[in-house]
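Single-structure report; data block below.
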Amino acid sequence: MSQDAPAPLRLHVPEPTGRPGQHTDFSYLHLSPAGAVRRPPIDTQPVDTSDLAFALIRVLDDDGNAVGPWVPELTPEQLRFGLRAMLKTRLFDARMLIAQRQKKLSFYMQCLGEEAIAVAHALALEPGDMNFPTYRQQGLLMAREVPLVELMCQLFSNERDPMKGRQLPVLYSYRKYDFFSISGNLATQMPQAVGWGMASAIKGDTKIASGWIGDGSTAEADFHTALTFAHVYRAPVIINVVNNQWAISTFEAIAGGEGTTFAARGIGAGIASLRVDGNDFLAVYAASRWAADRARSNLGPTLIEWVTYRAGAHSTSDDPTKYRPADDWEHFPLGDPVARLKQHLIKLGEWSEEQHAATQQALEAEIAAAQKEAESYGSLADGHVHSAASMFEDVYKDMPAHLLRQRQELGV
Amino acid sequence: MSQDAPAPLRLHVPEPTGRPGQHTDFSYLHLSPAGAVRRPPIDTQPVDTSDLAFALIRVLDDDGNAVGPWVPELTPEQLRFGLRAMLKTRLFDARMLIAQRQKKLSFYMQCLGEEAIAVAHALALEPGDMNFPTYRQQGLLMAREVPLVELMCQLFSNERDPMKGRQLPVLYSYRKYDFFSISGNLATQMPQAVGWGMASAIKGDTKIASGWIGDGSTAEADFHTALTFAHVYRAPVIINVVNNQWAISTFEAIAGGEGTTFAARGIGAGIASLRVDGNDFLAVYAASRWAADRARSNLGPTLIEWVTYRAGAHSTSDDPTKYRPADDWEHFPLGDPVARLKQHLIKLGEWSEEQHAATQQALEAEIAAAQKEAESYGSLADGHVHSAASMFEDVYKDMPAHLLRQRQELGV
Amino acid sequence: MATMTMIQALRSAMDVMLERDDNVVIYGEDVGYFGGVFRCTEGLQQKYGSSRVFDAPISESGIVGTAVGMGAYGLRPVVEIQFADYFYPATDQIVSEVARLRYRSAGEFIAPLTIRMPCGGGIYGGQTHSQSPEAFFTHVCGLRTVMPSNPYDAKGLLIAAIECDDPVIFLEPKRLYNGPFDGHHDRPVTPWSKHPLGEVPEGHYTAPLDSAAVYRPGTQLTVLTYGTMVFVAEAAALESGVDAEIIDLRSLWPLDLDTIVNSVKKTGRCAVVHEATRTGGFGAELVALVQEHCFYHLEAPIERVTGWDTPYPHAQEWAYFPGPRRVAEGFKRAMERK
Amino acid sequence: MATMTMIQALRSAMDVMLERDDNVVIYGEDVGYFGGVFRCTEGLQQKYGSSRVFDAPISESGIVGTAVGMGAYGLRPVVEIQFADYFYPATDQIVSEVARLRYRSAGEFIAPLTIRMPCGGGIYGGQTHSQSPEAFFTHVCGLRTVMPSNPYDAKGLLIAAIECDDPVIFLEPKRLYNGPFDGHHDRPVTPWSKHPLGEVPEGHYTAPLDSAAVYRPGTQLTVLTYGTMVFVAEAAALESGVDAEIIDLRSLWPLDLDTIVNSVKKTGRCAVVHEATRTGGFGAELVALVQEHCFYHLEAPIERVTGWDTPYPHAQEWAYFPGPRRVAEGFKRAMERK
Ligand SMILES: Cc1ncc(C[n+]2csc(CCOP(=O)(O)OP(=O)(O)O)c2C)c(N)n1
Ligand SMILES: Cc1ncc(C[n+]2csc(CCOP(=O)(O)OP(=O)(O)O)c2C)c(N)n1
Ligand SMILES: [Mg+2]
Ligand SMILES: [Mg+2]
């Protein structure tokens with residue numbers, strides 16, 4: 001072709017490196033070795049965190065040792081507490097998946113493989129700091145020891161569902177555990193988290209906010225909006241991007257992960273940014289603490305990309321073998337967060353296979369007992385749900401005349 | 001205060017460095033000397049343009065010499081054509097401002113001080129490449145020699161207004177001059193530009209798109225959306241951010257300019273990004289050409305931040321002396337784009353004060369003649385506008401029954 | 001003729017149009033490799049390649065916004081919003097751009113888009129998988145809003161929408177994807193293969209974008225409805241014994257007013273049935289038009305049977321959903337008063 | 001008592017509330033240092049500091065979204081959307097978040113926001129500075145939608161809105177900012193200082209958020225209207241000789257249905273007047289309610305006089321705007337038919 005007639009353009013459509021029947025090439029993740037990434041002081045300038053947004057902060061090495069500048073100060077008790085909360089999250093999820101298959105729940109979403117992120121983050125926050133979660137941060141609640149029966153009543157949509165049957169299972173709201181009402185619309189919680197942080201700053205309070213979003217959802221406009229407002233007003237907020245590589249059937253490159261990182265979105269927006277091994281309990285705690293200290297010291301927001309893998313299906317409506325290799329998680333290079341913390345604790349001499357098995361058993365019993373109690377309060381399937389009359393409440397503070405008329409029309 | 005009780009948080013609200021009665025400290029612009037910034041090959045990786053997003057590409061030095069790696073290949077004819085188009089833009093604006101004060105137009109928006117950007121950019125594009133402009137790129141039309149009478153008929157909202165009186169003055173649409181219909185809603189044109197580029201790639205065409213947005217409007221969600229889609233599909237598009245420091249009364253720091261640059265938004269999003277002296281005709285042409293070549297070679301999008309200054313009021317409804325120093329532009333360190341190109345041409349021996357004065361006079365006469373003709377077709381003030389019946393057209397391709405009924409109801 | 005589910009009929013419409021017209025492209029969240037969460041586009045990427053059928057970022061404004069640009073270029077994008085409940089981020093693009101582009105550019109640029117969205121309830125989807133937002137669109141001049149109630153219409157209307165130079169909001173009552181659900185959630189649903197409107201030609205055909213269908217002729221009461229409610233209204237007519245003339249609007253706006261007015265003048269009574277929230281719903285416009293054009297023929301107030309003015313609850317789904325019992329009561333009220 | 005323009009009354013309401021309640025914060029595009037493009041917040045930043053009154057990025061979704069977070073914290077944000085035509089980018093936050101937060105969290109979190117927006121035409125603002133989008137809000141359960149027509153109500157309703165725990169969409173008919181414009185665009189407008197409703201107390205008071213006002217008592221025809229159209233309807237009543245009872249709704253939703261029904265039962269005739277596009281406008285809901293509750297009292301079809309179903313044009317502004325002539329014709333039609 002001559003110089004005058006350029007070659008025809010082509011549309012580039014990113015693809016994952018593995019589809020069903022293939023092996024994923026995970027080198028696209030660009031990992032750093034444990035301990036290799038520097039730890040700047042919390043008052044670093046956002047623009048100077050550029051390298052940290054492209055590297056990967058890791059603490060636990062392959063042998064279960066904690067290495068490098070990000071090793072956090074955590075007691076064995078704290079580590080055991082974290083391990084237990086992760087395990088509880090995982091067992092709870094497994095149990096609820098079974099219950100869903102038994103049609104006791106209409107729907108469920110697990111967080112298999114991502115437990116370290118929410119649990120360790122929760123431990124790095126102070127009571128009163130507010131989380132604005134998605135549907136995959138049940139670990140925040142487990143770390144705060146929310147009564148399981150209450151959670152299950154929400155999941156069963158029964159008469160004791162604190163959300164009065166109005167929300168799909170898993171869309172919890174727990175003000176007293178610093179857990180904002182989960183929305184079914186993606187990304188809306190992000191500017192809300194920033195606004196909450198701004199409010200805290202306006203009032204001269206000391207509380208910070210933490211907002212959560214998935215890799216896929218960063219494409220939504222409200223993610224950008226949150227970055228802009230957080231930067232402009234230097235809001236005391238942590239912006240957590242959980243990059244579990246998938247958004248339903250869609251690979252993270254379709255959200256814009258190719259050739260860059262989600263952490264890097266923060267740099268241009270003037271926000272300090274870190275990319276962190278999300279399956280490394282110690283790294284999650286350390287990075288969360290760094291960001292929380294920064295926010296609480298009036299130094300502004302931090303964006304953290306947590307690199308992890310959605311080991312399970314998107315939800316009980318999804319079948320991931322249709323779009324990715326069935327054994328993908330086994331080959332995910334960052335491993336299993338529960339196994340890694342367990343290995344570390346054993347290495348420290350603070351845990352054993354026996355203790356682990358016993359804890360698992362105790363948790364299973366606790367969960368089974370809770371389920372039994374929750375089921376005794378009914379479920380969507382058996383119709384023991386909040387009354388039809390309650391459906392008309394809470395639309396407004398006081399029920400206006402037109403809703404009274406409609407309630408009468410329904411005859412309830 | 002003890003270690004346990006952190007200091008109260010405060011809300012940070014950015015302020016410009018100068019308010020009425022003060023002198024703006026323009027050091028916040030972080031300028032680079034002319035010729036100092038490197039010029040990578042067009043197939044550079046986006047992430048490797050990071051330095052270019054924080055520096056400032058300049059070609060013309062203070063003495064009017066073209067220096068450094070970005071000096072473009074432009075003939076004296078092309079330079080004179082550019083100077084003339086800039087001058088025409090400026091004189092046209094000045095004339096229309098007077099006409100607006102005389103109530104011949106309902107409204108007007110000038111681009112004083114920003115003429116180089118649109119004019120030089122237009123010269124760097126090929127016919128058929130599509131611009132998705134805002135209300136401050138009339139230079140694109142001047143560089144394409146759109147008949148002034150037609151433009152004025154739109155501005156006067158008269159019987160020959162090609163937009164049939166439906167749009168505010170300046171919201172032109174000129175398909176045949178590669179100029180997409182301007183929207184009154186900010187930022188919506190950006191994903192549209194990306195979509196146009198994607199369409200060109202889908203069809204194996206060789207045309208590229210160029211989208212335009214102001215610094216203030218980058219805070220709108222659609223800016224982020226455009227970056228995401230442009231990056232993901234490697235769309236052949238140029239994303240132009242015209243940073244003229246102000247958005248009505250709002251300083252660029254409120255849009256997120258503090259401690260970072262608008263160009264830097266591209267890096268994290270995986271887009272090659274440049275920050276360029278927008279008052280330097282040669283730099284604008286060179287950077288536009290680089291981005292256009294890149295896009296046309298299937299190498300994907302480029303984001304360019306054009307650093308300039310909105311020398312005039314936001315619109316005829318605005319009085320900038322209420323919120324910024326009245327003499328700000330005189331101190332703006334990047335000067336006046338018309339004066340700078342003129343100085344360069346004179347330095348080259350290709351232009352003179354006399355030629356300049358003669359050109360200015362000729363242009364003024366041309367504009368005055370056009371105005372006389374346009375006024376002969378009427379204006380909003382004298383009621384010579386498109387008919388009320390035409391108001392019901394083009395809502396749909398064919399007029400549906402309900403609009404026919406409404407037209408009858410109006411009795412037209 | 002083959003029988004098809006509504007999903008198959010929609011897929012067939014897209015297949016036909018991808019085949020016939022190079023300018024047709026399809027994208028949206030999960031619609032590419034996987035074929036969409038409702039599997040509507042399954043197999044189309046394999047057949048037409050990933051520059052004709054592809055996955056999009058989770059950005060409804062980006063999906064619609066880029067489609068406007070593609071339309072301006074000359075393509076005919078058919079985009080999917082995964083659930084109608086998620087169109088809100090695209091509101092500015094839809095209202096300010098898609099709907100007004102032809103007008104504001106005096107016809108220089110058009111937006112010949114088809115925006116598909118599954119809508120409606122009855123699937124235990126809660127607040128954000130059950131909404132019926134049609135009234136947001138019917139209030140916006142420049143848009144066409146369409147909702148089929150069966151596979152035959154679904155395919156014919158979708159082809160017509162793709163071929164239409166005006167932008168079309170194409171609402172798909174997801175509760176009807178597999179069969180004509182009549183609101184009796186405790187009974188099994190007849191599959192489309194057993195329903196006459198499940199018979200769908202393989203090739204190209206269109207259904208008109210501006211005409212209603214008399215789904216069930218009747219003499220006593222005119223019922224204006226669309227989508228899932230067509231079948232609920234049918235059940236209610238049978239169960240109430242009211243000889244209702246059920247009009248399936250199909251095109252909500254522009255509206256086939258003649259068919260409506262002729263029917264109401266005949267029956268003298270009218271009920272409007274929709275799933276959406278009552279206040280400001282599309283039913284209000286229907287009532288306003290009927291009272292304007294048939295005032296002197298009306299023997300009783302026009303009844304509205306609709307979703308309540310609350311968000312769509314999860315556990316109280318069947319108390320919210322206007323099922324056959326509530327619709328039948330509405331019919332009786334419309335008959336009793338005189 | 002002082003006289004105030006509507007701008008001054010609104011500013012006074014914000015001033016009073018900033019003074020009384022630490023939790024009130026005000027922000028929006030250009031509202032801080034400059035005091036807003038309509039100067040509604042002029043001087044408030046100087047008085048209360050920039051962490052109570054500040055400029056926001058040009059991001060309507062961010063403005064509303066951050067306000068939701070502030071509301072959840074315990075503040076009472078009063079945010080400005082520069083023109084109602086620009087609320088669309090915030091639709092998802094308004095519809096999916098603001099309106100439903102209390103419901104979906106079973107009362108754990110509320111969004112006690114006031115979202116101010118200048119609306120309406122008559123200022124040569126063209127398509128994107130003239131819209132009346134109230135019907136988008138009145139269709140969304142959980143929102144309150146309010147539109148004052150004079151300085152006294154503007155201040156009283158704005159204070160009530162700020163104090164209200166429900167989210168309030170506060171629409172300001174910008175054509176009334178300086179005086180009671182009656183649609184005669186060729187005549188000078190009386191300033192508010194010469195109008196009784198321009199008398200406004202300096203301090204704290206509220207106007208009820210759920211009651212309409214009978215602006216002009218009459219016997220022959222009930223006119224349901226709000227905002228600028230109150231004064232246009234008044235002019236039309238005078239010019240047509242129809243003794244119209246003009247009801248200024250003030251609160252569009254929840255609605256004061258009793259006042260409406262009582263009036264229509266008395267007059268037997270009804271006209272609905274608004275600037276917004278007709279189809280699916282709030283007028284449709286008013287017609288639906290009136291025919292439902294007053295069917296047996298109505299002597300003629302309810303008339304709708306509204307903006308046309310086209311975008312708001314620039315040059316044909318007065319052909320689009322429902323001015324006194326068109327409104328008077330509507331009144332006469334409502335009187336003639338029987
Ligand atoms: C506005 C909106 N669009 C689309 C959806 C449908 N949807 C629900 S979850 C999901 C994928 C989200 O992926 P990601 O953000 O990566 O989170 P993950 O599920 O991986 O945790 C989609 C598309 C939605 N809920 N809201
Ligand atoms: C969605 C939307 N919000 C607000 C406005 C009102 N508005 C018009 S121009 C403008 C300022 C834009 O500033 P910038 O993007 O910097 O462009 P500039 O005027 O400086 O060229 C604003 C807020 C609008 N037109 N659309
Ligand atoms: Mg994900
Ligand atoms: Mg600007």
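Please read these numbers as outputs of a predicted model, since none were measured by experiment. Reminder, nothing fancy here: chain letters follow the sequence lines and each chain counts from 1.
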Straight-line distance of [X] [atom1] to [Y] [atom2], nearest 0.5 Å:
X: B:L9; Y: A:L299; atom1: CG; atom2: CG; answer: 10.0 Å
X: B:I267; Y: A:R265; atom1: CD1; atom2: CZ; answer: 12.0 Å
X: A:L11; Y: B:N298; atom1: CG; atom2: CG; answer: 9.5 Å

Which atoms of [X] are under 4.5 Å from chain B, going by heavy atoms: the side chain, the backbone, both sets, or neither?
X: A:F223; value: side chain
X: A:A235; value: neither
X: A:A199; value: neither

With chain A, which of B:D205, B:D222, B:V13 has the greatest number of heavy-atom pairs at distances under 4.5 Å?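 Looking at each of B:D205, B:D222, B:V13 in turn, B:D205 comes out on top.
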Under a 4.5 Å heavy-atom cutoff, which of B:S50, B:A201, B:A264 has the most pairs with chain A?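 Between B:S50, B:A201, B:A264, the count favours B:A201.
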Does any N or O in the side chain of [X] come within less than 3.5 Å of the main-chain N or O of [Y], such that one atom is a donor and the other an acceptor?
X: A:H224; Y: B:T218; result: yes
X: B:R234; Y: A:H12; result: no
X: B:H231; Y: A:G259; result: no
X: A:T260; Y: B:A269; result: no

Which bit of [X] comes within less than 4.5 Å of chain A, counting heavy atoms only: side chain, backbone, both or neither?
X: B:A263; value: neither
X: B:A219; value: both
X: B:T206; value: both
X: B:F262; value: neither
X: B:P46; value: neither
X: B:K203; value: neither
X: B:F54; value: side chain
X: B:A53; value: neither
X: B:T261; value: backbone
X: B:E220; value: backbone

How close do B:P8 and A:G204 get, counting heavy atoms only, and between which atoms?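 Heavy atoms of B:P8 and A:G204 come nearest at CB-O, 3.1 Å.
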For the [atom1] atom on [X], are there more than 12 heavy atoms of other groups (residues, nucleotides or ligands in this structure) within a distance under 6.0 Å?
X: A:R19; atom1: CZ; result: yes
X: A:R10; atom1: CZ; result: no
X: A:Q78; atom1: CD; result: yes
X: A:E73; atom1: CD; result: no

